[in-house]
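Quick note: numbers below take in every heavy atom, side chains included, and nothing from hydrogens, waters or symmetry partners. Chain letters run A, B, ... following the sequence lines, proteins first and then strands; every chain starts at 1. None of these values were measured; they are calculated from a predicted model.
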Amino acid sequence: MLLTRLADVSREVAAVPARSRKIALLAELFREADAEDVPIVIPYLAGRLPQGRLGVGWKVLSRPVAPAGEPTLSVREADALLTELGTVSGPGSQAERARLVGELMSAATADEQRFLLGLITGEVRQGALDAVAVEGLAQATGAPAGDVRRAVMLAGSLQSVARALLADGPAALQSFRLTVGRPVQPMLAHTASSVTEAVGRLGACAVEEKLDGIRVQVHRDGDHVRLYTRTLDDITDRLPEVTRAARELAGSRFILDGEVLALDEAGRPRSFQETAGRVGSRVDVATAAQAVPVSPVFFDVLSVDGRDLLDLPFAERHAELARLAPEPMRVRRTLVSGPEEAGAAEEFSRQTLLRGHEGVVVKALDAPYSAGRRGASWLKVKPVHTLDLVVLAAEWGHGRRTGKLSNLHLGARAQDGGFVMLGKTFKGMTDAMLAWQTERLRGLAVEENGYVVTVRPELVVEVAYDGLQRSSRYPAGVTLRFARVLRYREDKRPDEADTVETLLAAHPQVRP
DNA sequence: TTCCGACAGTGGGGTCGCAAT
DNA sequence: ATTGCGACCCCACTATCGGAA
């Protein structure tokens, strides 16, 4: 199959708004693809490269290459070049990667170049990624969409399911079972604005502490232990102490879900930055482990002794977990019968925050483990802080925000009467706000430099954020975590905005 | 008919590791 | 040694479609 066919379909998919039409277009293409093309065509149309990381990004791709006049590049040829691209390393590798990109792009037409660019940067913008591709695959093969989705969650990848399904038909889905050693998509949580609200929505529930670390899925089969992140990357080699801890648990065959984080001598959590740095260290693991040891803390179990527990109610899964993991290796929790005990849940949340943790997750006791879903039966609640800050500049948006000033540079008031930049945000804006702020900020513009428009510091905006963290990038030495816009405060003057001093005073545990 | 769950899109900051300077 | 870049951790929020209520 020629790459141009994929580029055409991707453009068509992008052009139709209806999800049902997108699915039908994908299904048509999947049916057309022959067996050898399928493992390439499916991920490509799901907006992902089967190779994963390539070591190539915007910098290399932004160099223009004269396009080919006629579409002659096949899907397999493109894939072979990309595979080669992903394996280049060592001195001279950047030049070699640039050369390979040039080779690929010069063989592609302008349309194909656009498609490849989107694929490599992960921005296909066709309104269809994995979930829509799964529906398309189901339609192309006549398999029930729910069964395909479940197989993908259990396999951890769309590709392997697609290959089996197109080779052997719907019966092949049976072979995708929960297996120790094969990671599954973890269950995710929704957000609730308060503990009381969360308990009100779920009824009988467990309120568990939310630890600010790295999600980890622990697979053990005898002495063989594997550790996976939320995106199913294997991080076993980086966390030897977690592997040891898993070997000391009561069972010998299980899959556990939990969080790893660094604790200080008193058992209080160290900053997320310290935990993330440790988990990210791959080269000298022994030294990193010495400096920042991490501990696993579990909250769920998916499999024990070959039994698949996914469909069991949480209460029963937790009973299994309690048999496997001793209390210090489990998340702290309290059980609540319903809204009448919301007070106790709130109190537990307060205590959790005092112990230095991020918040709580409220979980329905009767809910199954919804692998890969953002199930409504897990609700996270974290404290939200707010500030009134001044807009110092804004950046032109991309994609559906093209032509709109989107990403705001946020400043706090300094002692000298000036403003200190604390970070940026593009979150929380409605289309109406985007239109409004584009006009308003244009009127305040003093300089335009590339995609950054600097403005007179006159507009005050109320911003929500989750906390303060150290920063080497911003002048105050700190930056806001997960900042988002709540509303504009046209009733406030910039000299009424919050100051750096009040911000630092509100977070005494964080020092620049 | 209205409501709501699931998805895609739009990017944020930090850290690490690698290659180039 | 320092810098630039890419990958991958953490993540919030809005718009939209389409099935559920």
Specify the angle, to 10°, made by the local axes at the two ends of the helix from B:dA8-C:dT14 to B:dT21-C:dA1 when five pairs are taken at each end. 10°
Check: A:D233 main-chain N/O paired with A:T229 side-chain donor or acceptor under 3.5 Å: yes
Specify the separation, in whole Å, of atom CG of A:D431 and atom C1' of C:dT14. 8 Å
Rounded to whole angstroms, how far apart are NZ on A:K427 and P on C:dC11? 11 Å
At under 4.0 Å between heavy atoms, what does A:A131 touch on the DNA or RNA strands: base, sugar-phosphate, or nothing? sugar-phosphate
Within the pair A:N407 and B:dG12, is there a side-chain N or O less than 4.0 Å away from OP1 or OP2? yes
Scan nucleotides 4-8 of chain C against the protein and return all N/O pairs shorter than 3.5 Å with their distances rounded to 0.1 Å.
from  : atom 1 : to    : atom 2 : distance (Å)
C:dC5 : OP1    : A:K59 : NZ     : 3.2
C:dG6 : OP1    : A:G57 : N      : 2.9
C:dG6 : OP1    : A:K59 : N      : 3.3
C:dA7 : OP1    : A:L54 : N      : 3.1
C:dA7 : OP1    : A:G55 : N      : 2.8
C:dC8 : OP1    : A:R53 : NH1    : 2.3

Is A:E123 touching bases, backbone alone, or none of the nucleic acid, heavy atoms closer than 4.0 Å? nothing
So, taking the atom named CG in A:L503 and the one named CG in A:L468, what distance separates them when rounded to the nearest 0.5 Å? 5.0 Å
When the distance from CZ of A:R400 to C1' of C:dC17 is rounded to whole Å, what number comes out? 14 Å
Using only side-chain N and O atoms of A:S471, determine if any of them is under 4.0 Å from OP1 or OP2 of B:dG14. yes
Atom-pair distance (CD1 on A:I23; P on C:dG18), nearest Å: 8 Å
Base, sugar-phosphate, or nothing: which does A:G90 touch, judged by heavy atoms less than 4.0 Å apart? sugar-phosphate
Side chain of A:D466 - closest among B:dG14, C:dC10, C:dA12: C:dA12
Please state how far atom CG in A:L129 lies from atom P in B:dA8, giving the value in whole angstrom units. 5 Å
Atom CE in A:M153, atom CG in A:D130: separation rounded to 0.5 Å? 8.0 Å
Under 4.0 Å from OP1 or OP2 of B:dG13: is there any side-chain N or O of A:Q469 that close? no
Less than 4.0 angstrom from a charged side-chain N to a carboxylate O is my criterion; do A:E135 and A:R149 meet it? yes
Tell me whether A:D257 is salt-bridged to A:R215, with the criterion being a basic N under 4.0 Å from an acidic carboxylate O. yes
Using a cut-off of strictly less than 4.0 Å, decide whether A:S406 has a side-chain nitrogen or oxygen near OP1 or OP2 of B:dG11. yes
Nearest listed nucleotide, side chain of A:T430, among B:dG13, B:dG17, C:dT14: C:dT14
So what does A:T425 hit on the nucleic acid, given a heavy-atom distance under 4.0 Å: a base, only sugar-phosphate, or nothing? nothing
Any side-chain N or O of A:K210 under 4.0 Å from OP1/OP2 of C:dC11? yes
Nearest whole angstrom, please: distance from the P of B:dG13 to the CZ of A:F426. 9 Å
OP1 or OP2 of B:dG14 sitting under 4.0 Å from any side-chain N/O of A:R473? yes
Look at A:E241 together with A:R278 and state whether they make a salt bridge at an N to O cut-off of under 4.0 Å. yes
Does the plane of the ring in A:Y488 sit parallel, tilted or perpendicular to the ring in A:W436? Use 30° and 60° as the thresholds. tilted
Is the side chain of A:R97 donor-acceptor paired with the backbone N or O of A:V88 at a distance under 3.5 Å, no angle test? yes
Applying side-chain hydrogen bond (donor to acceptor under 3.5 Å, both in side chains) as the test, list every pair that has at least one member in residues 13-26 of chain A; sequence neighbours left out. none
So which one's nearest nucleotide on DNA chain B is more toward 5', A:P91 or A:Y474? A:Y474
Within less than 4.0 Å of OP1 or OP2 of C:dA12, is there a side-chain N or O belonging to A:K380? yes
Taking A:R270 for the side chain and A:A262 for the main chain, is one N or O donor matched with an acceptor at less than 3.5 Å? no
Got a second to check how far A:Y228's OH is from A:D234's CG, nearest 0.5 Å? 5.0 Å
What is the distance, to the nearest angstrom, from the CZ atom on A:R19 to the C1' atom on B:dA8? 7 Å
Any side-chain N or O of A:R484 below 4.0 angstrom from OP1/OP2 of C:dC13? yes
CZ of A:R21 versus P of B:dA8: gap in Å, rounded? 18 Å
For A:F272, report the nucleic acid contact type (base, sugar-phosphate, nothing); a contact means any heavy atom under 4.0 Å. sugar-phosphate
With heavy atoms under 4.0 Å as the rule, sort A:V279 into base, sugar-phosphate or nothing. nothing
Name the residue closer to the 5' end of DNA chain B, choosing between A:S89 and A:R149 according to the nucleotide with the nearest heavy atom. A:R149
For A:T275, which contact category applies under a 4.0 Å heavy-atom criterion: base, sugar-phosphate, or nothing? nothing
Think A:H398 has a side-chain N or O under 4.0 angstrom from the OP1 or OP2 of B:dG9? no
Between A:K382 and A:S20, the residue closer to the 5' end of DNA chain C by nearest nucleotide is A:K382
Residues A:R11 and A:D111 bridged, charged N to O under 4.0 Å: yes
